[in-house]
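Here the structure is laid out as structure tokens; the discussion comes afterwards.
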Amino acid sequence: MAHAAFDGIQTLAWMRDFTQSVYATEAELTALDQRAGDGDFGANLAAGVRASGLRCDRMEGPTGPAETLGAMADAFLDEIGGTSGPLFGLLFQALSRAAAGSGPDLTTASLAEGAARGLAAIRRVGDASPGDKTLVDALAPAAAALLATKDSPPAEALAGAAEAAWEGVRDTASLTARMGRASYLGQRATGIPDPGAVGVALLFASAGGTVDTLAHHVIIG
Amino acid sequence: MAHAAFDGIQTLAWMRDFTQSVYATEAELTALDQRAGDGDFGANLAAGVRASGLRCDRMEGPTGPAETLGAMADAFLDEIGGTSGPLFGLLFQALSRAAAGSGPDLTTASLAEGAARGLAAIRRVGDASPGDKTLVDALAPAAAALLATKDSPPAEALAGAAEAAWEGVRDTASLTARMGRASYLGQRATGIPDPGAVGVALLFASAGGTVDTLAHHVIIG
Amino acid sequence: MARYFENCAGELASDALSGFARAHADLVGYDAADGFVTALHTAPARTVGLLSGGGAGHEPLHAGYVGAGMLDAACPGRIFASPHNRQIFRASLAVARPEGVLHVVKNYTGDRINFGIAAERLADAGVACGRVLVDDDLASDSEEIAAGRRGTGATLLVEKVLGGAADRGMGLGGLVDLGTSVAARCRTLAVASAAHHAPADGEPAFALPPGELEYGVGIHGERADRTRSWQPLGALVEDMVGALLDALRPGPEEPVVALVNGLGAVTSLELYGIFGELDRVLEARRVRLVRHLVGNYVTALDMRGFSLTLMVADRVVLDFYDAPVRTPALSW
Amino acid sequence: MARYFENCAGELASDALSGFARAHADLVGYDAADGFVTALHTAPARTVGLLSGGGAGHEPLHAGYVGAGMLDAACPGRIFASPHNRQIFRASLAVARPEGVLHVVKNYTGDRINFGIAAERLADAGVACGRVLVDDDLASDSEEIAAGRRGTGATLLVEKVLGGAADRGMGLGGLVDLGTSVAARCRTLAVASAAHHAPADGEPAFALPPGELEYGVGIHGERADRTRSWQPLGALVEDMVGALLDALRPGPEEPVVALVNGLGAVTSLELYGIFGELDRVLEARRVRLVRHLVGNYVTALDMRGFSLTLMVADRVVLDFYDAPVRTPALSW
Ligand SMILES: Nc1ncnc2c1ncn2[C@@H]1O[C@H](COP(=O)(O)OP(=O)(O)O)[C@@H](O)[C@H]1O
Ligand SMILES: Nc1ncnc2c1ncn2[C@@H]1O[C@H](COP(=O)(O)OP(=O)(O)O)[C@@H](O)[C@H]1O
Ligand SMILES: [Mg+2]
Ligand SMILES: [Mg+2]
Ligand SMILES: [Mg+2]
Ligand SMILES: [Mg+2]
């Protein structure tokens with residue numbers, strides 16, 4: 001049965017599934033960053049979801065989507081180093097803001113708005129355009145997909161966003177990095193998908209209650 | 001004929017003869033300081049008399065003993081480096097003061113007083129006692145001899161002072177240096193007379209109108 | 001090899017910050033949890049909080065310039081590494097004024113991103129935040145360097161001018177415009193005769209053949225794009241000043257402020273010798289040198305080198321520069 | 001190798017002095033012929049001129065401390081070489097007051113002799129002259145060293161206290177007694193992890209095996225009498241402070257002033273880390289630390305090391321120490 005919006009429990013479940021996906025793929029994410037960066041992306045993302053989980057557990061009383069996403073934002077922004085951690089934090093912060101602005105439950109419209117605002121913040125801060133081989137290459141199509149399906153129930157819209165994100169991930173493999181550490185490698189990172197983009201795809205893909213490994217979506221070879 | 005006191009011309013002649021003695025022995029003095037110090041004593045002393053000569057030449061009108069000795073003092077104090085140069089300057093300064101205090105001509109009594117005061121200043125400044133293998137070992141006996149003969153005419157008294165100074169110089173050969181650069185050599189400078197002491201003996205010996213080399217007085221072997 | 005005096009390699013910067021805060025407890029407060037220092041005394045007229053930060057290893061930048069008349073807060077990172085956005089965010093909240101907070105940021109990717117994230121968080125929290133980017137390094141002024149010129153010695157001049165302006169109550173927009181225009185009229189050039197020693201192992205960060213100079217070094221142990229053979233100081237300073245003036249082209253009436261800055265291990269004797277040559281060259285070129293600083297102001301650990309910064313000012317800028325300041329490293 | 005930035009090796013110190021004088025023309029006058037600097041502004045109440053000097057290479061000592069509230073004149077020699085008595089004599093004449101002039105002299109044979117000669121000349125010229133000898137270096141405190149302890153870091157503390165006293169009109173005898181008793185209650189200990197580079201050839205003055213520290217160095221590149229293996233900073237500072245306190249034995253109520261001094265190439269990060277440890281050790285030993293300075297105050301060219309100086313004060317001394325000062329290197 002499709003819900004018109006995620007309630008607090010469903011949002012928590014989404015985040016818990018994202019956490020499990022990160023744990024399940026940490027080694028693969030690390031392997032990607034080893035080849036295109038400095039090899040800490042898996043650890044950074046795992047630290048982020050771990051810190052977020054601890055914050056969610058500490059929250060008292062019934063927690064709505066805005067609070068859960070806000071806790072994710074604070075954990076990623078405050079506790080995680082590297083480039084990607086705080087950028088994920090900005091995405092969660094924008095999602096949390098949008099959720100807070102649209103009543104107790106998390107509608108697809110507010111998901112779309114949050115993703116768009118998060119994308120804008122990430123681009124302001126990191127100055128990356130689509131095609132620069134960064135997580136923007138997954139987030140931009142995902143945000144666009146959410147906007148296009150903002151009248152669908154969130155689970156459905158998120159599945160579509162995940163599809164768009166994975167598409168973006170696959171495209172990053174053929175790109176040459178212009179931002180971030182991978183940019184110092186020039187052509188040598190060509191053929192390897194961008195780890196940050198994979199992280200973004202995992203986030204949207206986790207709303208379906210499934211814990212993936214990457215093999216289904218990207219070929220690491 | 002013995003004069004009761006040196007007039008201006010005689011004092012100038014004494015200083016000119018000292019200058020010639022220094023030039024004549026510069027190489028020997030250097031050799032001594034090479035073995036007991038840093039080898040610049042000859043050059044320092046020669047620079048002192050050269051600068052003094054220039055100052056004396058520049059003085060206008062008739063110059064008394066106090067002015068000539070004062071010019072020597074200023075040259076050695078202002079223009080000469082190393083340890084010994086300014087110490088000679090202090091001796092000349094005290095001699096000039098004493099000369100100025102005792103009328104137009106330079107009496108043996110004022111020579112004795114000047115040498116004693118110069119010795120005292122040099123000892124205050126350099127903290128050397130007789131037996132430390134410094135120029136004090138020549139100046140102290142010379143000053144004592146002047147005091148003992150202060151009623152004799154200056155040429156006679158200075159000849160006696162020179163004798164006493166050469167005696168002191170010969171004694172320094174058997175001493176181990178406690179002050180100055182030679183002190184770092186310990187026993188290794190034993191057997192070598194102290195160059196500064198030789199310089200002092202040359203000063204007193206030059207009043208007789210003779211220009212010596214050192215071979216008559218000290219054995220450099 | 002020259003091992004650092006420290007307890008352990010990872011804690012050099014944080015131990016230093018806590019020692020600094022104890023040493024200057026009359027001037028600065030210290031937030032140990034979030035790793036930033038704040039000014040204890042600051043003009044009540046300020047409507048904007050002034051904040052800066054960046055990698056450690058450039059002392060006295062930035063913490064040394066926290067105090068009355070200059071910065072309200074500074075966030076040092078670890079050695080040569082950008083501060084975390086959390087430090088910047090928290091420090092900004094601590095010193096924000098009614099018109100918000102202004103970030104003075106040296107142009108490095110890490111600093112831009114971390115200050116940028118903090119700015120996003122501040123916007124989210126409803127606190128207005130402006131930025132002045134300092135990018136004065138002439139050696140990185142090249143078409144090929146997409147990141148733009150690096151920020152170096154001019155930082156403290158920009159901070160001093162902004163501090164003077166903030167003390168007169170200038171608002172956020174005014175300060176952003178002022179700082180941006182001041183930064184645009186500053187250029188720096190740095191040379192080194194020996195690299196800094198890496199704190200990790202005490203080894204020189206790079207080796208220079210004897211008699212060579214690294215011409216155009218950065219402040220993180222980046223090598224310059226060229227090596228030159230040693231020159232007598234007068235000729236070297238003449239070349240450096242020529243390049244700076246070519247980039248800045250001050251008018252004959254425009255007042256110029258100079259910073260002769262030691263990068264760490266160069267002696268005070270050398271810095272004053274350098275100032276003497278600079279003064280001579282500027283005079284010969286009829287440049288109106290009106291103020292100058294000589295000393296270690298923006299360092300690169302113990303690099304054996306120096307930088308020259310020229311700032312073209314005007315009467316207003318000079319007035320803010322001259323305004324009273326009382327910080328651990330700058331005081332008049 | 002690290003070549004100095006200079007025009008030619010022999011002129012490093014003199015070029016620096018003339019650059020220094022140009023840079024601080026608002027505070028000091030410069031006699032180029034005789035090579036000394038004088039204070040432009042000084043308290044009219046002074047009845048005695050204060051003068052110091054010594055080899056160059058220890059900047060900001062001494063010229064950096066010329067100005068209101070501190071020295072009336074400074075005579076730097078060439079690098080690590082005593083000034084000539086002529087400089088001292090002429091500078092003394094230039095700054096003598098009705099009660100004469102006071103020489104602050106570090107205990108080195110050359111300095112003692114040259115200042116002594118100048119003093120004899122001053123006596124000859126009818127100018128009263130007193131001397132305060134500074135001999136604070138604990139490492140040279142030994143029966144075997146006839147020349148006595150060397151003068152190092154305490155010099156600037158003694159100069160500051162005497163400056164405060166001179167500004168209140170204290171006479172020559174009083175200043176000699178005060179300075180002598182202050183100097184007697186100061187001790188310093190210095191360590192280095194790398195030698196300075198000789199200006200002549202840019203080579204290190206001595207080599208230290210990796211991981212070794214020179215414990216008890218002087219400020220002229222003299223090696224210490226012992227080498228120690230590297231220790232974590234806390235343990236090193238604990239040892240040094242222990243030795244200083246054993247020599248000084250301050251009473252529980254006596255106020256203590258500390259100087260954490262860089263010898264040239266040590267970073268500001270390290271100096272503040274050292275201060276943090278020092279503060280901790282003194283607190284644990286219940287020593288009343290009332291004032292402190294952290295920075296490069298008495299250097300040895302670009303030696304990679306630091307010294308710790310403790311001065312046991314009393315209320316009067318502290319009052320003079322706290323009195324206002326405005327010099328190129330010290331200002332409050
Ligand atoms: N300027 C940028 N804008 C957006 N994303 C970026 C930027 N720079 C790097 N990234 C993302 O960060 C990821 C690497 O993250 P991480 O390993 O945590 O950072 P670091 O490079 O600091 O080790 C990259 O895969 C890329 O997706
Ligand atoms: N403390 C002292 N007191 C008196 N004379 C001294 C002292 N130290 C050195 N001298 C004298 O100085 C002489 C060396 O003079 P010189 O070569 O000019 O000095 P330096 O040792 O500085 O090169 C010695 O032979 C000695 O007589
Ligand atoms: Mg990485
Ligand atoms: Mg990383
Ligand atoms: Mg000699
Ligand atoms: Mg000599």
Side-chain angles (χ1 to χ4, degrees), chain C residues 1-8 11-13 15-20 22-24 56-57 59-60 64 79 191 193-194 196-197 199 202 208 210-211 213 230 232-234 236 260 264-279 292 294 296 299 301-302 304-306 331-332, chain D residues 1-8 11-13 15-20 22-24 56-57 59-60 64 79 191 193-194 196-197 199 202 208 210-211 213 230 232-234 236 260 264-279 292 294 296 299 301-302 304-306 331-332:
Chain C
M1 178 172 140
R3 189 138 174 204
Y4 281 70
F5 293 102
E6 61 186 354
N7 279 310
C8 75
E11 278 161 28
L12 180 55
D15 283 355
L17 190 63
S18 100
F20 171 86
R22 290 171 88 146
H24 300 290
E59 290 62 33
I79 288 175
V191 299
S193 64
H196 78 266
H197 296 86
L208 256 181
L213 284 183
W230 192 88
L233 189 59
L236 177 65
V260 175
V266 83
T267 60
S268 168
L269 286 173
E270 293 164 278
L271 294 179
Y272 280 111
I274 291 158
F275 174 75
E277 297 299 339
L278 172 74
D279 197 25
H292 55 267
V294 182
N296 289 346
T299 60
L301 288 173
D302 61 354
R304 213 179 186 307
F306 69 92
S331 206
W332 60 63
Chain D
M1 174 166 145
R3 189 139 174 203
Y4 281 70
F5 294 102
E6 60 187 354
N7 279 310
C8 75
E11 278 161 26
L12 181 54
D15 283 355
L17 190 63
S18 99
F20 171 86
R22 291 171 88 144
H24 300 290
E59 291 64 32
I79 288 173
V191 300
S193 63
H196 76 266
H197 296 86
L208 258 179
L213 285 182
W230 191 89
L233 189 60
L236 177 64
V260 175
V266 83
T267 59
S268 168
L269 285 173
E270 293 164 279
L271 293 180
Y272 281 111
I274 291 160
F275 175 76
E277 298 298 339
L278 172 76
D279 197 26
H292 56 267
V294 182
N296 289 348
T299 60
L301 289 173
D302 63 352
R304 217 182 183 305
F306 70 91
S331 206
W332 60 64

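Proteins come first, then strands; the chains are lettered A, B, ... in the order of their sequence lines, and each starts at number 1. This one's a predicted model, so the numbers in the text were calculated from it and none came from an experiment.
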Chain D heavy atoms under 4.5 Å from T299(C): which part of the residue, side chain, backbone, both or neither?
neither

Go through L208(C), L301(C), L213(C), D279(C) and name the one with the most non-hydrogen pairs under 4.5 angstrom from chain D.
D279(C)

Please identify, among L233(C), T267(C), L236(C), L271(C), the residue contributing the most non-hydrogen atom pairs under 4.5 Å to chain D.
L233(C)

Between F20(C) and Y272(D), the two heavy atoms sitting closest are CA-CD2, 3.4 Å

To the nearest 0.5 angstrom, please state how far the CD1 atom of I274(C) sits from the CD atom of E6(D).
10.5 Å

Full working for ring-ring contact (aromatic ring centres under 6.0 Å, His included) between F275(C) and H24(D)
CA-CA 11 Å; F275(C) 174 75; H24(D) 300 290; 8.2 Å; no

Using heavy-atom distances under 4.5 Å, tell me whether S193(D) contacts chain C through its side chain, its backbone, both, or neither.
both

Please tell me if the side chains of Y4(C) and L269(D) come closer than 4.5 Å, counting only heavy atoms from C-beta onward.
no

Of all of V294(D), L12(D), N296(D), which one pairs up most often with chain C through heavy atoms under 4.5 Å apart?
L12(D)

Under a 4.5 Å heavy-atom cut-off, does chain D meet the side chain of A194(C), its backbone, both or neither?
side chain

If I measure from the heavy atoms of chain C, does E11(D) come under 4.5 Å with its side chain, its backbone, both, or neither?
neither

If you count heavy-atom pairs within less than 4.5 Å of chain C, which of C8(D), A23(D), A56(D), G211(D) leads?
A23(D)

So what's closer than 4.5 Å to chain D heavy atoms on I79(C): side chain, backbone, both or neither?
side chain

Under 4.5 Å from any heavy atom of chain C, what part of V266(D) do you find: side chain, backbone, both or neither?
side chain

Quick one: which of D15(C), D302(C), L278(C) has the most heavy-atom pairs under 4.5 Å with chain D, could you say?
D302(C)

Shortest non-hydrogen contact from R304(C) to R3(D)?
NH1-O, 4.1 Å

Chain D: which of H292(C), E59(C), E270(C) shares the most heavy-atom pairs with it under 4.5 Å?
E270(C)

